[in-house]
Amino acid sequence: MAKIELKKPIVDEIAENIKDAASVVLVSYSGITVEQDTALRKEMREAGVIYKVYKNTMMRLAFDGTACEALDKHLEGTNALAISKTDATAPARILAKNAKTVKCLELRAGIVEGDYYDEKGIQAIANVPSREELLGKLLGSIQSPIANFARVISQIAESKEA
């Protein structure tokens, strides 16, 4: 069997994972311990994020002709991909959180909702709260004026009764 035939399934797997992905983050992991990597993978799995290590050549072939092609220039050294189909900020957020304790993790670049972001851009995206947190804050800010209004009405009703 030719070498190209052995590589095709891997390239297809990468291409399938990045297709319709909300975000794809490229991270350098050189020097990570097995313990740290296991904890990171567990957290990624729980968040529904695909985290895999691929050869740079395979990633380059899979990225060809997609929005991820912009990541080609960062494919040097030991890299892994974190891919989320649903939550655009989850891969960057989890990786950035782990990079604070695991100094060898280095966010390289990423594609979020079709747009390329360099290391600084991915760091900024990592600081964006999750969708659930944002919805909770929105709901809290909507409920606050209503609750205050209800309290004022209640106090007026109590003062009229007295």
Side-chain angles (χ1 to χ4, degrees), residues 1-139 141:
M1 193 182 293
K3 282 186 178 182
I4 193 81
E5 291 172 9
L6 295 172
K7 294 177 181 180
K8 185 152 177 45
I10 298 166
V11 172
D12 290 343
E13 177 187 338
I14 299 168
E16 185 61 35
N17 285 338
I18 65 173
K19 183 179 145 201
D20 301 327
S23 67
V24 177
V25 178
L26 187 67
V27 62
S28 172
Y29 65 91
S30 181
I32 193 169
T33 66
V34 173
E35 252 179 76
Q36 294 166 334
D37 189 50
T38 304
L40 174 64
R41 287 175 186 272
K42 181 178 185 282
E43 192 173 347
M44 291 284 200
R45 240 187 336 273
E46 289 170 355
V49 176
I50 300 166
Y51 177 76
K52 282 193 125 178
V53 174
Y54 295 107
K55 288 188 171 190
N56 291 335
T57 308
M58 303 293 175
M59 287 191 275
R60 195 170 278 120
L61 289 170
F63 293 167
D64 195 32
T66 68
C68 293
E69 200 167 13
L71 299 176
D72 281 356
K73 61 186 168 205
H74 301 284
L75 294 176
E76 290 178 9
T78 53
N79 294 306
L81 279 180
I83 305 164
S84 176
K85 298 269 186 185
T86 54
D87 188 349
T89 63
R93 195 173 56 251
I94 294 168
L95 287 168
K97 184 183 96 179
N98 281 281
K100 290 176 184 171
T101 55
V102 182
K103 298 299 180 198
C104 59
L105 274 181
E106 178 189 329
L107 277 72
R108 292 259 172 110
I111 304 294
V112 179
E113 295 180 344
D115 295 324
Y116 167 80
Y117 293 92
D118 61 0
E119 183 181 351
K120 288 181 182 168
I122 288 296
Q123 287 290 352
I125 288 171
N127 295 327
V128 174
S130 69
R131 184 175 190 273
E132 290 75 26
E133 287 178 58
L134 291 173
L135 288 174
K137 288 179 182 181
L138 176 66
L139 185 60
S141 65

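For the numbers below, each heavy atom of this structure counts, side chains included, while hydrogens, waters and symmetry mates do not. Keep in mind the model is a prediction, meaning the values are calculated, not measured. Sequential numbering from 1 along the given sequence is applied to the chain's residues.
- Note that CD1 of I18 and SG of C68 are 4.0 Å apart. Values are rounded to the nearest 0.5 Å.
- Under a 3.5 Å cut-off, the side chain of K85 and the backbone N or O of G48 do not form any donor-acceptor pair.
- Nearest heavy atoms, S30 versus T78: CB-OG1, 3.1 Å.
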Inset, instruction - Apply side chain to side chain donor-acceptor pair (under 3.5 Å) to the pair Y54 and E13, showing each step before the final yes or no. - result: CA-CA 10 Å; Y54 295 107; E13 177 187 338; 2.8 Å; yes

Inset, instruction - Show your working on side chain to side chain contact (heavy atoms under 4.5 Å, CB included) between M44 and I94 and close with a plain yes or no. - result: CA-CA 7 Å; M44 291 284 200; I94 294 168; 3.9 Å; yes

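- Atom-to-atom distance recorded for M59:CE and D72:CG is 9.5 Å, nearest 0.5 angstrom.
- The minimum heavy-atom distance between I122 and A109, with the atom names listed, is CG1-C, 3.7 Å.
- Side-chain contact check for T33 and Q36: at least one donor-acceptor pair (N or O, by modelled atom type) lies under 3.5 Å.
- Between I10 and L61 the shortest side-chain heavy-atom distance does not fall below 4.5 Å.
- Between V25 and L81 the shortest side-chain heavy-atom distance does not fall below 4.5 Å.
- Side-chain atoms of D64 and T66 include no donor-acceptor pair closer than 3.5 Å.
- Of the inter-residue distances, the one linking R93 atom CZ with N98 atom CG reads 12.0 Å to the nearest 0.5 angstrom.
- For the residue pair K100 and K103, the shortest heavy atom distance occurs at O-NZ, 2.8 Å.
- When all heavy atoms of A80 and V53 are compared, the closest pair comes out as CB-CG2, 3.9 Å.
- Two residues are said to be in side-chain contact when any heavy atoms from C-beta on lie closer than 4.5 Å; I14 and E16 fail this criterion.
- Side-chain contact between V49 and I83 is absent, with no heavy-atom pair separated by less than 4.5 Å.
- Between the NZ atom of K19 and the CG atom of D12 there is a distance of 11.0 Å, given to the nearest 0.5 Å.
- In this structure, CG in L26 is found 11.0 Å from CD in E119, a value given to the nearest 0.5 Å.
- In this structure a side-chain-to-backbone donor-acceptor pair under 3.5 Å is missing from N79 to L75.
- When all heavy atoms are compared, the tightest approach of L95 to A82 is CD1-CB, 3.8 Å.
- Between E43 and R45 no salt bridge is recorded (no basic side-chain N to carboxylate O distance below 4.0 Å).
- Ionic pairing of R108 and D118 is not present here: no N-O contact between side-chain nitrogen and carboxylate oxygen is shorter than 4.0 angstrom.
- Looking at Y29 and E106, their side chains never bring a donor and an acceptor atom within 3.5 Å of each other.
- Of the charged side-chain nitrogens involved, none lies within less than 4.0 Å of a carboxylate oxygen, so that E69 and R60 do not count as a salt-bridged pair.
- The closest side-chain heavy-atom distance from Y117 to I111 is not below 4.5 Å.
- Between K73 atom NZ and Y116 atom OH the span is 4.0 Å, to the nearest 0.5 Å.
- Contact check for L105 versus V27: side-chain heavy atoms found under the 4.5 Å cut-off.
- Between the side chain of S23 and the backbone N or O of A88 there is at least one donor-acceptor pair closer than 3.5 Å.
- No donor-acceptor pair closer than 3.5 Å links the side chain of D87 to the backbone N or O of S84.
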